[in-house]
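We count residues from 1, following the sequence as given. FYI, side chains are in, hydrogens and waters are out, and symmetry mates aren't considered; it's all heavy atoms of this structure. From a predicted model like this one, the values you see are computed outputs, not experimental measurements.
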Amino acid sequence: MNERAPTKAGVPGPSVLPVGTAAPVGSAAPVANTGTPVAVGARPSVIQLVFREKGALYAAYMPLLSDGGLFVPTTRDYRLGDDIYLLMSLPDDPQRFPVAGKVAWLTPANASGGRTQGVGVRFPNDDKTRQLKIKIEEILGTSVSSAKPTQTL
């Protein structure tokens, strides 16, 4: 079962599910649910991240990082450089994409501006992840350069 975590007003977020949990089919809500991820083992964390909508992907994607990255809403304590293993699903794509990332920035609880608590995960510099970055940017199209608010930097 997902626990609900707060999201920044008006900014959709991904669904974060415990590993091994199937995402509910057909999210019709304009704002995706977010939850508290469940870590497997001490380190690295394993988090299943499901993007049902393009808006949620836009809000989480971090194009400013040279290799790309994503915001992951979580109440778990992390440090810069911690390893995080993501199993991502993109909108309208049944495939799950594995990403072995690292924590690049932190948004603490009670951050100014009502920002959602979580971490920014930097993608690794490898061929598979470069292809994933290209796929994400193709999905987002011109919205990558939009001034619309996000949960990221």
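One distance of note links CE of Met62 with CD1 of Ile136; it measures 10.5 Å at 0.5 Å rounding. One distance of note links CG of Leu90 with CG of Leu132; it measures 6.0 Å at 0.5 Å rounding. For the atom pair CD (Gln95) and NZ (Lys135), the distance works out to 7.0 Å, reported to the nearest 0.5 Å.
Nearest heavy-atom pair, Pro63 versus Glu137, reported as atom, atom and distance to 0.1 Å: CB-OE2, 4.5 Å. Heavy atoms only, all atoms of each residue included: Gly101 and Pro124 are closest at CA-CD, 4.4 Å. Taking all atoms of both residues into account, the shortest heavy-atom contact from Leu140 to Tyr61 is CD1-CD2, 3.8 Å. The two residues Tyr85 and Pro98 come nearest to each other via the heavy atoms OH-CB, 3.0 Å. Closest approach of Asp93 to Phe97, counting heavy atoms only: OD2-CZ, 3.6 Å. Scanning all heavy atoms of the two residues, the minimum distance from Leu65 to Ala104 falls at CD1-CB, 4.4 Å.
Residue pairs meeting the salt bridge (Lys or Arg N to Asp or Glu O under 4.0 Å) criterion with at least one member in residues 98-112, sequence neighbours excluded, are Asp83-Lys102.
Gln48 has its side chain out of reach of Ser89: every pair of non-hydrogen atoms, C-beta onward, lies at least 4.5 Å apart. The side-chain heavy atoms of Ile47 and Arg76, taken from C-beta on, include no pair separated by under 4.5 Å. In this structure, the side chains of Leu86 and Val72 come closer than 4.5 Å at one or more pairs of heavy atoms. No side-chain heavy atom of Phe51 sits less than 4.5 Å from a side-chain heavy atom of Ile139. Side-chain contact between Phe123 and Leu70: present, with at least one pair of heavy atoms (C-beta onward) separated by less than 4.5 Å.
With sequence neighbours left out, the side chain to side chain contact (heavy atoms under 4.5 Å, CB included) criterion links Ala111 to Thr107, Pro108, Arg115. Residues passing the side chain to side chain contact (heavy atoms under 4.5 Å, CB included) test with Ile134 are Gln131, Glu138, sequence neighbours excluded. Residues satisfying the side chain to side chain contact (heavy atoms under 4.5 Å, CB included) criterion with Asn125, sequence neighbours excluded, are Asp67, Arg130. Every residue meeting the side chain to side chain contact (heavy atoms under 4.5 Å, CB included) condition with Lys128, not counting sequence neighbours, appears here in chain and number order: Asp126.
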